[in-house]
Amino acid sequence: MKALRIGGPLSGLAVWASAYGKWRGKDRIYAVSSGSPCMLFVLDPAGSEPVQQFALEGSDHCWGVVAAASGVYIGGSGILYRFTHEQGIENLGEMIPGEFYTWRLAADDEGKIYGGCYPGGKVFQYNPSTGQFRDYGVMVEGEQYARSMEAWKGKLYVGVGTRCPHIVELDTATGVRTEISLPEECSAEQLVYDLNIVHGKMLVRITPCSRLYIYDLELGRWEKCIEHVSGLSVSAPDPQGNVYFIKEDILQRYALAAGILTPTSLAMPEPAGDYSWLESHPLNPHGTCLAGVHRDGTCWIYDPENDRHTVMDFMLQGQPVHLQSLAWGPEGKLYIGGYFAGGLASYDPATSEMISHRGIGQIEGMMAAHGIMYLGVYPKANIFAYDPNLEWNPGSNPKLAFSLQEEEQDRAFAWTLAGDELAIGTVPSYGRNGGALTLFHPVTGTREVFRGLLPQQSIVSLAAGEELLFAGGSVWGGLGIAPERKEASLMIWEVNSRRKVWEGVPVPGEQAISALALDDEGKVWGLTAGMLFLFNPVTLKTEQTIPVLPVDWEAMTHFWRGGCELLYREGVLYGTAGNHLFKYDVRLNQLEMLDENARLLAVDGEGGLYFARTTALYRIQTLEPGQEEI
């Protein structure tokens, strides 16, 4: 069987980090968009010079860009890059072996570069003079995220989490670490997401509460707390000593000395990323303007002297987006969600028409009900309702139906119909163990959330019969916390009475049940990372196990769904595991590999299997025209 490539349904921009500098006396913006691969865009905020762009091969994400005298440094997928106008992009190599995710970067007064990593929670230094990396090790034992940082007077101040927020003062010469105690109310929070230092004041934003705390580094004491602040940074001060940040979706001016907060006229419904001050911009040729880059690559410029702003659209082209979710929707269309940059696309098999939309985040899972597509968007496990019959208009269509943030949930991977209700299984937020089951009635809008049904486990797979709901767990919770259990459970739950009928471990040693499907007899087929199993809900026994792929659980940093899906059709199971598309004939006890580069799965009524291969949608025909399964 040969897979047919349908096409790349989604492209997008996701600019989370940028740096600023000058080239030949003119302002330049160095903005990096995550994608496949990441792209560096060199922008002229005055709009008089053409855009330059450079691929960052080997990286698909970027959260940190910093300018120094020796160049612009970019943190990628465990790789540090340097850009100069003379040399272009240089790959400086792997920062710390085993650390594959890079967070914010910082530069000190000597031009040395620092960055934080995941999953080890380590910090590195890069010395441009010697070309050498230094590994400072884990900042806080048990915490996997060294998320934010700033250098000041020979020290590096590092924001850490996610089980509990921490601030570490790192002596960059000796490597000695000293922790700065946060206010007591922060102990129940997760992460020091943002950290900046202005005039000896350290401004740190704690999540998920989104409070900004101000600490005097000279006096060693906490001074202020500001509610409802969004990231990802605080601006450098203007000539009057004011800083700017986003609070309640508005750019606000904050007088550090007086503690006075003043809203500007610039609405900012998304995090602001990195800021810089521009000189002689056309918006105010004789003054300074504040600038930043939106997620979509447009640049906003604000003139504080006259309280006015403009937006520069450089018409940047998006990169192909990795596919993250597949589900059939109304009118027989297949819907596709994107990773990181997000987006939603639809594919009509009858006409081969592909339509894509931007303006929605990373969709972990979705399902159709009553002509509406319900989309589970990360973070905060936000559930959006999209009516395909109405015009696409983010904010109103798709519209936020509800959020599971207050239930400490983050990712809605698992979906099924349980009678008249949508059942949604979720992974908790960062640094937390314990997912939830949500029952949502699309007609009435009522919902119930049940936490702790699978203790210390995420709910990553669901299947429903007439009266019973089956849920599969993963021992991994949100990122940044180690599992508390060794094996994944299966749960049987009675929908009408809202009670657990049974819970147990169907396959000893397996740490996640990533997909479930019911056969014609009402038995439950499950898929772990590399094994099929058949469970009898009457006898409460596992009747069969079939190895699909070898799996080393110890080598995994986490495993939720992993792109695994499982479908049962007339005695045949189709699934994806470990990027392999397989077919298992139940009657013949025969396993067949159909493709070795496949994630996600959906099947049409003609025996066509749809799957994702990185950024593209594929179809493979399992039956010849006129052929029937026997």
Side-chain angles (χ1 to χ4, degrees), residues 36 58-61 76-79 93-103 116-122 124 135 137-139 141-146 162-163 322 324 339-340 364 410-411 413 427-428 430-433 435 454 456-461 472-489 505-515 526-533 545-566 575-582 591 593 595-600 612-614:
S36 298
S59 288
D60 62 7
H61 76 268
S77 302
I79 301 169
E94 187 180 31
M95 303 138 170
I96 301 174
E99 300 295 286
F100 56 82
Y101 212 99
T102 312
W103 294 112
C117 302
Y118 168 86
K122 296 182 177 182
F124 71 87
D135 178 1
V138 179
M139 290 297 101
E141 290 297 329
E143 296 290 1
Q144 296 181 302
Y145 281 68
T162 59
R163 294 190 306 173
H322 280 247
Q324 182 72 356
Y339 173 75
F340 204 82
E364 306 286 38
D410 229 11
R411 305 172 190 265
F413 280 117
V427 173
Y430 288 80
R432 300 292 183 267
N433 276 321
L454 287 180
Q456 293 86 46
Q457 297 177 73
S458 301
I459 295 181
V460 295
S461 57
S474 167
V475 299
W476 281 276
L479 295 179
I481 188 171
E484 298 177 31
R485 294 173 61 103
K486 299 296 185 183
E487 297 173 314
S489 297
V505 175
V507 186
E510 297 299 284
Q511 297 182 32
I513 301 169
S514 57
L527 178 65
T528 71
M531 181 181 294
L532 276 171
F533 67 88
T545 58
I546 303 99
V548 178
L549 291 169
V551 169
D552 181 4
W553 287 109
E554 297 301 319
M556 293 188 181
T557 58
H558 70 279
F559 188 91
W560 300 314
R561 179 196 64 196
C564 294
E565 303 288 347
L566 189 63
T576 54
N579 289 336
H580 285 67
L581 174 63
F582 68 86
L591 180 70
M593 291 297 174
D595 198 286
E596 295 183 353
N597 187 3
R599 291 182 67 253
L600 312 175
R613 183 176 293 167
T614 61

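As the structure is a prediction and not an experimental result, all values here were calculated from the model.
The shortest distance between side-chain heavy atoms of F533 and P506 falls below 4.5 Å. The side-chain heavy atoms of H61 and S77, taken from C-beta on, include a pair separated by under 4.5 Å. Proximity of M593 to L581: side-chain heavy atoms (C-beta onward) are nowhere separated by under 4.5 Å. The shortest side-chain heavy-atom distance between H580 and V548 does not fall under the 4.5 Å cut-off. Q511 places none of its side-chain heavy atoms less than 4.5 Å from the side chain of V551. Looking only at side-chain heavy atoms (C-beta outward), V427 and W560 come within less than 4.5 Å of each other. Side-chain contact between N579 and E596 is absent, with no heavy-atom pair separated by less than 4.5 Å. Two residues are said to be in side-chain contact when any heavy atoms from C-beta on lie closer than 4.5 Å; R561 and L600 meet this criterion.
Under the ring pair (Phe, Tyr, Trp, His ring centres under 6.0 Å) rule, F559 has a single partner from W553, F413, W476, which is W553.
The OG atom of S474 sits 7.5 Å away from atom CD of Q457, with the distance rounded to the nearest 0.5 Å. Distance CG/L527 to CD1/I546: 10.5 Å, rounded to 0.5 Å. Atoms OG1 and CD, on T557 and Q144 in that order, are 8.0 Å from each other to the nearest 0.5 Å. Here the straight-line distance linking atom CG of D410 with atom CG of L479 works out to 8.5 Å at 0.5 Å rounding. Rounding to the nearest 0.5 Å gives a distance of 11.0 Å between OG1 of T528 and CG of L566. Between atom CG of residue L591 and atom CG of residue L532 there is a gap of 7.5 Å, rounded to the nearest 0.5 Å.
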- Task: Take E487 and E510, measure what side-chain contact (heavy atoms from CB on, under 4.5 Å) needs, and give me the verdict at the end.
- Result: CA-CA 6 Å; E487 297 173 314; E510 297 299 284; over 6 Å; no
- Message: Determine whether C117 and W103 satisfy the following criterion, side-chain contact (heavy atoms from CB on, under 4.5 Å), listing intermediate values before the conclusion.
- Response: CA-CA 6 Å; C117 302; W103 294 112; 5.8 Å; no
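Here the closest heavy-atom approach between residue P119 and residue G98 is recorded as CD-O, 3.6 Å. Heavy-atom minimum distance, A488 versus G473: CB-O, 3.3 Å. The two atoms that bring T102 and I79 nearest to each other are OG1-N, 4.3 Å, heavy atoms only. Minimum interatomic distance between T162 and I481 (heavy atoms only, all atoms of both residues): OG1-N, 4.5 Å. Among all heavy-atom pairs drawn from C564 and A515, the shortest one is O-CB, 4.2 Å. What you find for G120 and V138 is that their closest heavy atoms are O-CG2, 3.3 Å.
Side-chain contact, N433 with Q456: no donor N or O sits under 3.5 Å from an acceptor N or O. Judged by distance alone, the side chains of E364 and Q324 do bring a donor and an acceptor atom under 3.5 Å apart. In this structure, a donor-acceptor pair under 3.5 Å is absent between the side chains of S36 and D60.
Note: Y145 and Y101 fail the aromatic proximity criterion, with ring centroids not under 6.0 Å apart.
Looking at E99 and K122, no side-chain N of the basic residue comes within less than 4.0 Å of a carboxylate O on the acidic one, giving no salt bridge. Between D595 and R613 there is a salt bridge, since at least one side-chain N of the basic residue sits less than 4.0 Å from a carboxylate O of the acidic one.
By the ring pair (Phe, Tyr, Trp, His ring centres under 6.0 Å) test, F582 is found to be paired with no residue, residues two or more places apart in sequence or in another chain being considered. By the salt bridge (Lys or Arg N to Asp or Glu O under 4.0 Å) test, R485 pairs with no residue at all, sequence neighbours left out.
Listed for the S461 side chain is a donor-acceptor partner under 3.5 Å among the backbone atoms of I513.
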